J.: 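Please see the structure below; I have some questions.
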Amino acid sequence: MNIPFNKPYFTGKETDYIKEAVATGKISGDGIFTRKCHNFFEKRYGFLKTLLTTSCTDALEMAAILCNIEPGDEVIAPSYTFVSTVNAFVLRGAKIVFADSDELVPNIDVSKIGSLITPKTKVIVPVHYAGTACNMDVILDLAKEHSLFVVEDAAQAIDSFYMGKPLGTLGNMATFSFHETKNIISGEGGMLAVNDAAFVKRSEIIREKGTNRSAFFRGEVDKYGWVDIGSSFLPSDIIAAFLYAQLEHLEEIQSRRKIIWDIYYDGLKKLETKGILKLPCIPKYATNNYHMFYLVCENLVSRSNLINHLKQQGIMAVFHYLSLHKSPFYSKFHDGRNLPNSDRYSDCLLRLPLFYELSDSNVEMIVDSILSFYRQK
Ligand SMILES: *Cc1c(COP(=O)(O)O)cnc(C)c1O
């Protein structure tokens with residue numbers, strides 16, 4: 001038995017669409033498949049403007065430029081997140097002020113944000129961990145009160161909602177990932193969603209090396225030139241072709257992931273009831289997009305033992321982030337506050353295999369293996 005942690009799922013149409021893209025004779029950025037993807041996202045979720053990027057990391061770097069981050073500006077973000085969430089802002093000279101995670105979910109503890117705001121704060125970056133919404137009303141109220149930007153790191157949050165509103169539509173901007181470990185994939189890939197009209201025009205320019213090339217191709221200007229800073233953030237239409245094949249199967253992908261998630265949850269529920277470990281918590285205001293199934297073990301030792309137990313049976317379960325405020329790179333800039341929940345998730349959170357082709361019987365076997373580890377079988 002060998003069950004990997006992740007296996008990318010191909011819907012079947014990817015290579016057909018790539019061939020179609022190649023046949024158009026135009027495979028650089030913003031071709032027909034890029035347009036199809038943009039239309040899909042704008043229609044389905046109501047983003048004001050979407051722009052495919054080569055990664056979520058790139059979309060975050062675009063967001064940092066759009067927020068006009070300058071050296072010394074402060075950005076509030078959770079410590080329990082992926083490096084790119086904050087590295088994008090560090091590249092522009094920002095100081096990251098890390099907030100702890102919530103007691104019940106790995107998301108940022110919104111009750112901690114207010115006291116971290118200073119006159120230098122410019123942006124709050126909520127990360128919707130595992131596709132579960134952060135408590136956005138509190139974040140948006142704070143942002144309004146202090147005139148801050150909100151950039152949602154929605155890398156894991158496709159097709160998930162906060163009080164009925166799609167994640168990624170709540171902040172000034174949001175960033176998505178189509179990395180092969182996410183629900184919808186293009187190998188590497190990402191997207192910037194812009195919800196604030198003030199950023200639309202500049203977002204196109206920054207993505208096109210600081211030129212007004214996009215406006216030129218729409219015939220809005222008669223020549224294009226260098227008008228701002230920027231970089232090459234747009235993907236080839238070959239990537240977009242792959243992505244579009246995935247988007248056409250979004251519902252099927254989501255419903256298969258839901259079935260797997262539910263088998264895990266129902267099978268492992270008694271471990272939570274008995275107080276042995278914690279299962280994912282989906283707050284009332286949030287939905288589940290079945291991006292991830294995780295456990296929160298009692299401590300680091302029991303998590304390591306469980307990882308080894310599963311590995312011996314050929315099951316790859318993996319831990320996740322290490323608190324960024326303790327990272328080799330950033331610990332020297334951190335102000336010394338303890339962030340106990342972030343550290344607890346670093347030590348105790350364990351992700352189980354979850355991918356489209358994982359069979360029901362394999363999920364049941366993983367459940368049994370975990371139950372027998374805790375002698376509950
Ligand atoms: C995956 C991920 C990213 C990075 O996405 P890339 O597309 O690989 O750049 C950023 N933030 C979070 C929370 C992620 O899960």
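Atoms within a ligand are numbered from 1 in the order they appear, just like the ligands themselves. On a predicted model such as this, the values are computed, not experimentally measured, just so you know.
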J.: Any donor and acceptor pair, going by atom type alone, linking the side chain of N107 with main-chain N or O of A133 inside 3.5 Å?
T.: yes
J.: Within the structure, is a non-hydrogen atom of H128 found at a distance of less than 4.0 Å from ligand 1?
T.: no
J.: Closer than 4.0 Å to some heavy atom of S55 - which atoms of ligand 1 meet that?
T.: 7 (O), 9 (O)
J.: Any nitrogen or oxygen of L60 lying under 3.5 Å from a nitrogen or oxygen in ligand 1? Just yes or no.
T.: no
J.: Under 4.0 Å from a heavy atom of V127: give me the atoms of ligand 1 that qualify, with their elements.
T.: 13 (C)
J.: Assign the ring pair F176 / F47 to parallel, tilted or perpendicular, where the plane angle (0 to 90°) is split at 30° and 60°.
T.: perpendicular
J.: I need the nearest protein heavy-atom contact for atom 3 (C) of ligand 1: residue, atom name and distance, please.
T.: F82 CD2, 3.6 Å
J.: Quick one: sort the Y224 and F217 rings into parallel, tilted or perpendicular, breaks at 30° and 60°.
T.: tilted
J.: Should the proximity of F176 to ligand 1, defined as any heavy atom under 4.0 Å, be assigned to the side chain, the backbone, both, or neither?
T.: neither
J.: Suppose we measure from atom 12 (C) of ligand 1 to each protein heavy atom; which comes out shortest, and what is that distance?
T.: A155 CB, 3.3 Å
J.: Just to confirm my output: which protein heavy-atom neighbour is closest to atom 7 (O) of ligand 1, and how far is it?
T.: S177 OG, 2.7 Å
J.: To which protein heavy atom is atom 9 (O) of ligand 1 closest, and what is the distance rounded to 0.1 Å?
T.: T57 OG1, 2.5 Å
J.: Using distance alone, decide if ligand 1 has a nitrogen or oxygen within less than 3.5 Å of any nitrogen or oxygen in H179.
T.: no
J.: Any N/O of Q156 closer than 3.5 Å to an N/O of ligand 1?
T.: yes
J.: Near G189, which atoms of ligand 1 are under 4.0 Å from a heavy atom of that residue?
T.: 7 (O)
J.: Should D153 be counted as touching ligand 1, given the test is an N or O pair under 3.5 Å?
T.: yes
J.: Do any N/O atoms on T81 end up under 3.5 angstrom from N/O atoms on ligand 1?
T.: no
J.: Say whether E152 and H128, considering side chains only, have a donor N or O and an acceptor N or O under 3.5 Å apart.
T.: yes
J.: Please confirm whether A59 approaches ligand 1 to less than 4.0 Å, judged on its heavy atoms.
T.: no
J.: When the ring planes of F40 and Y45 are compared, do they come out parallel, tilted or perpendicular, using 30° and 60° as the limits?
T.: perpendicular
J.: By number and element, which atoms of ligand 1 are closer than 4.0 Å to a non-hydrogen atom of K182?
T.: 1 (C), 2 (C), 14 (C), 15 (O)
